Amino acid sequence: MIISEGEIMNAGTFFVVLVLAVIVILDIRYLMKNGIDSCSGDCGSCGPSCRWANDIKKAQRKIRFQNKLKKLLHLS
């Protein structure tokens, strides 16, 4: 549906868009706070069971990215 100039969303459509936006924002915040995995970046605590054991630089990049994203979304 194309909205021509001068038309606005009705209250129902606006409410649905608003609810979806809130759900997406809350989902992103949850993932950033809890993470997809439980890697803390302290490779000494996991030992050989760590999935990043052979690639420390990759783990460090991932943690830096998560920290930047948290800072951007004001989650810290």
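Keep in mind that what you see is a predicted model, and the values were worked out from it rather than measured.
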Val19: which residues meet the side-chain contact (heavy atoms from CB on, under 4.5 Å) condition with it, sequence neighbours left out? Phe15, Ile23
Considering residues at least two apart in sequence or located in another chain, which fulfil the side-chain contact (heavy atoms from CB on, under 4.5 Å) criterion with Leu69? Met32, Phe65, Leu72, Leu73
How many angstroms lie between NZ in Lys68 and CZ in Arg64, if you round to the nearest 0.5 Å? 7.0 Å
Scan for side chain to side chain donor-acceptor pair (under 3.5 Å) pairs involving residues 11-27, sequence neighbours excluded, and state none if there are none. Asn10-Thr13
